[in-house]
There are 2 protein chains.
Amino acid sequence: MKNRIKVARAENNWSQADLAERIGVSRQTINSIETGRYVPSTILALKMAQEFGKPVEELFMLEEGE
Amino acid sequence: MKNRIKVARAENNWSQADLAERIGVSRQTINSIETGRYVPSTILALKMAQEFGKPVEELFMLEEGE
DNA sequence: TCCAAAAGTAAAGCTTGCTTTACATATAGT
DNA sequence: ACTATATGTAAAGCAAGCTTTACTTTTGGA
C-alpha cells in the first residue's frame with residue numbers, strides 16, 4: 001500500500017513527531033508507516049484523515065494486486 | 001470503531017461469505033469485523049470501500065475518544 | 001563549523017489481526 | 001420434518017501493528 005502522509009505533513013508543516021502526538025501514537029509508528037514498513041489499522045487511517053482534513057483514499061492507496 | 005458493513009452488504013444482497021471472497025479474506029474475518037471483535041487493517045478497509053463503491057468514512061467511523 | 005531538530009533504523013516485547021478447523025444456531029424453502 | 005444457506009462463536013497458531021529505548025544520520029540555521 002502506498003501513502004501520501006509525508007506530503008500531507010509537508011503541506012501542514014508538521015514533523016513526524018507533531019503528527020504522532022496529534023493522533024496519539026509514537027513517532028516511530030508514523031515513520032514506519034511513511035516508509036512502508038507496515039500498514040496502519042483503520043483507526044489510525046481515520047485519525048490521520050481527520051487531522052489532515054482529507055479522505056482516507058487520498059492518503060492511502062492500494063497497489064497492483066493488493 | 002463502528003462500521004456499516006452489514007448494511008452495505010444488505011444493500012448489495014451479499015452474504016458475509018460473498019464479501020469475504022470478493023476481498024480475499026475468510027468469512028470469519030468479515031464476521032469478526034462486523035461484530036466489532038476487531039478493527040481491520042487499512043488495506044481491508046480500502047478493499048471494502050472499493051467493493052461497495054463508497055468512501056472508507058461511510059463504512060467505518062471513529063467513536064467518542066477513540 | 002556547530003548545534004538542534006528531524007528523520008531513519010533496530011531490537012525486544014506485548015497486543016491484535018487473520019487463518020484454519022470446527023461446531024452451534026437461525027432462517028427459509030420444499 | 002428435512003435440507004441448505006447464513007450467521008455467530010471459539011480456540012490455536014502465525015503474522016503484523018505498535019510501544020519503548022536507544023543509537024545513527026541528515027538537514028538547516030546561527
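Throughout, a chain's letter reflects where its sequence line sits, starting with A, and its residues are numbered from 1. This one's a predicted model, so the numbers in the text were calculated from it and none came from an experiment. Hydrogens, waters and symmetry mates are skipped; everything else that's a heavy atom, side chains included, is used.
At distances below 3.5 Å, at least one donor-acceptor pair connects side-chain atoms of A/Asn3 with backbone N or O atoms of A/Ile33. Listed for the B/Thr42 side chain is no donor-acceptor partner under 3.5 Å among the backbone atoms of A/Val39.
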What N/O pairs connect the protein and nucleotides 25-30 of chain C at under 3.5 Å? Give each pair on its own line.
none

Filtered N/O pairs between nucleotides 2-8 of chain C and protein, under 3.5 Å:
unit_1, atom_1, unit_2, atom_2, d
C/dA7, OP1, A/Arg9, NH1, 3.0
C/dA7, OP2, A/Gln16, N, 2.7
C/dA7, N7, A/Arg27, NH1, 3.3
C/dG8, OP2, A/Gln16, NE2, 2.7
C/dG8, N7, A/Arg27, NH1, 3.3
C/dG8, O6, A/Arg27, NH2, 2.8

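Put simply, CG on A/Asn3 is 13 Å from P on D/dG17, counting in whole angstrom units. Atom C1' of nucleotide C/dA10 and atom OH of A/Tyr38 are separated by 13 Å, given to the nearest angstrom.
Taking CD from B/Glu34 and CG from B/Leu19, the interatomic distance works out to 7.5 Å, rounded to the nearest 0.5 Å. Summarising the geometry, atom CH2 belonging to B/Trp14 is positioned 12.0 Å from atom CD1 belonging to B/Ile5; distances are rounded to the nearest 0.5 Å. A distance of 13.0 Å separates CD of B/Glu57 from NZ of A/Lys54, quoted to the nearest 0.5 Å.
Shown here is B/Glu21, whose CD atom has no more than 12 heavy atoms of other residues, nucleotides or ligands within 6.0 Å. In this structure, A/Arg4 places its CZ atom where only 12 or fewer heavy-atom neighbours from other residues, nucleotides or ligands lie under 6.0 Å away.
Put simply, the side chain of A/Glu66 does not reach to within 4.5 Å of the side chain of B/Leu46, judged on heavy atoms. Residues A/Arg37 and A/Asn31 meet the side-chain proximity criterion, which asks for heavy atoms closer than 4.5 Å. By the 4.5 Å heavy-atom criterion applied to side chains, B/Met48 and B/Ile30 are counted as neighbours.
Listed by residue number, B/Val39, B/Pro40, B/Ser41, B/Leu44 are the residues of residues 39-57 of chain B with a heavy-atom contact under 4.0 Å to DNA chain C.
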